[in-house]
Amino acid sequence: MIKKIGVSLILCVFVFHLVITALYLTPFNPVKAKYSFAVNAYMEPLFSQNWRLFAPNPASTNNQFMVRAQFADGGTSDWLDLTTFMIDKNQANRFTPYNRLVRIQRGAFTSLYQTDEVTLKISQKIEEKNLDREDYDHLLENERTQKKDEYAQEALNRYAQSYVRSVYPEKDIEKTQIIMQETKAVPFSEKDNEQYEREQQLHEFEWVDFVEVSPVFD
């Protein structure tokens, strides 16, 4: 009996995950629009899928997250590279939790800086019909998008603070701050120009109070 219950629960979880994943990957439709927040909340960042290596809109930037800590004694740490560390860990062994953890940064970036399908469709309609954008601010900047941004920032901060605690296990940490360095790719027209300097942009987050979390990084 216990075995049957266990198999049934696993099957239910599998079916649920399959349905949500299918809905997440389908083209824009009314059902996806209605449940997009719930679907994205489940899928991102650990189960998100990203096909931006391919046309028509391939990725055009490299994004690197860094974090620093402020200690109770008044000192401030150097910037710690979150991105390279995780990529190296993931590439060393694909069959570890790092394969999922590395997606937290990408999921946060997508939530904060890329327009979701619902908002994009509304914006396109406004431009196509030459409508007054201010009349649709309640749709473009609504509670759903605000919660999505808050969730992304919270996940990114907890992720960064866990790494900081791993690096400084004995320190009394008060606050942390994250920045993201966005580096644009080299244009095809400049591919042979060794002197070409890629454009960079920094996105600075606010200092946040440190919340004690388990140091999951070694």
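Keep in mind that the numbers below use all heavy atoms, side chains included, and drop hydrogens, waters and symmetry copies. Please read all numbers here as calculations on a predicted model, not as lab measurements.
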* For Arg68, what residues pass the salt bridge (charged side-chain N to carboxylate O under 4.0 Å, His left out) criterion, not counting sequence neighbours? -> none
* With sequence neighbours excluded, residues passing side chain to side chain contact (heavy atoms under 4.5 Å, CB included) with Val208 -> Asn157, Gln161, Thr176
* Could you check Gln181 against Gln200 for side chain to side chain contact (heavy atoms under 4.5 Å, CB included), going step by step and ending with a plain yes or no? => CA-CA 7 Å; Gln181 179 176 287; Gln200 293 184 337; 3.4 Å; yes
* For Asn193, enumerate each residue passing the side chain to side chain contact (heavy atoms under 4.5 Å, CB included) test, keeping only those at least two apart in sequence or located in another chain. => Glu190, Gln195, Tyr196
* In terms of hydrophobic clustering (I, L, V, M, F, W, Y; side-chain heavy atoms under 4.5 Å; direct or indirect links), are Val167 and Met86 co-clustered? -> yes
* Distance-minimising heavy-atom pair for Ala69 and Trp207 -> C-CZ3, 4.2 Å
* Supply the atom-to-atom distance Thr83 OG1 to Asn63 CG, rounded to the nearest 0.5 angstrom. => 8.0 Å
* To do: State whether the side chain of Ser162 and the backbone N or O of Arg158 hold a donor-acceptor pair below 3.5 Å, judged by distance alone.
  => no
* Structure fact -> The reported gap from CD1 in Ile173 to CG in Asp209 (rounded to nearest 0.5 angstrom) is 12.5 Å
* Gap between atom CZ of Phe65 and atom CH2 of Trp79 - 0.5 Å precision -> 12.0 Å
* **Residue pair Ile179 / Phe205, side-chain heavy-atom distance below 4.5 Å** => no
* **Linked, directly or transitively: Val15 and Val7 (ILVMFWY side chains, under 4.5 Å)** => no
* Asked: With a cut-off of under 6.0 Å to the ring centre and 45° to the axis, is Lys171 in cation-pi contact with Phe71?
  -> yes
* **Nearest-0.5 Å distance that lies between atom OG1 in Thr76 and atom NZ in Lys175** => 11.5 Å
* Considering residues, nucleotides and ligands other than Glu197, do more than 12 of their heavy atoms fall under 6.0 Å from its CD? -> no
* Structure fact -> The reported gap from CG in Leu202 to CD in Glu182 (rounded to nearest 0.5 angstrom) is 10.0 Å
* Structure fact -> Of all heavy-atom pairs linking Glu212 and Arg165, the shortest is OE2-NE, 2.8 Å
* Answer yes or no: is there a side-chain heavy-atom contact under 4.5 Å between Gln70 and Gln177? => no
* Asked: Is there side-chain contact between Val13 and Leu9, with at least one heavy-atom pair below 4.5 Å?
  -> no
* Linking I/L/V/M/F/W/Y whenever any side-chain heavy atoms sit under 4.5 Å apart, do Phe85 and Leu82 land together? -> yes
* **Verdict with supporting geometry, Leu80 and Val164, side chain to side chain contact (heavy atoms under 4.5 Å, CB included)** => CA-CA 8 Å; Leu80 303 174; Val164 169; 4.3 Å; yes
* Answer with yes or no whether the hydrophobic clustering places Ile87 together with Leu156; edges join I, L, V, M, F, W, Y residues whose side-chain heavy atoms lie under 4.5 Å apart. => yes
* Closest heavy-atom pair and its distance - Pro169, Ser166 -> CD-O, 3.7 Å
* Structure fact -> When rounded to the nearest 0.5 Å, the distance separating CD of Gln153 from CD of Glu206 is 9.0 Å
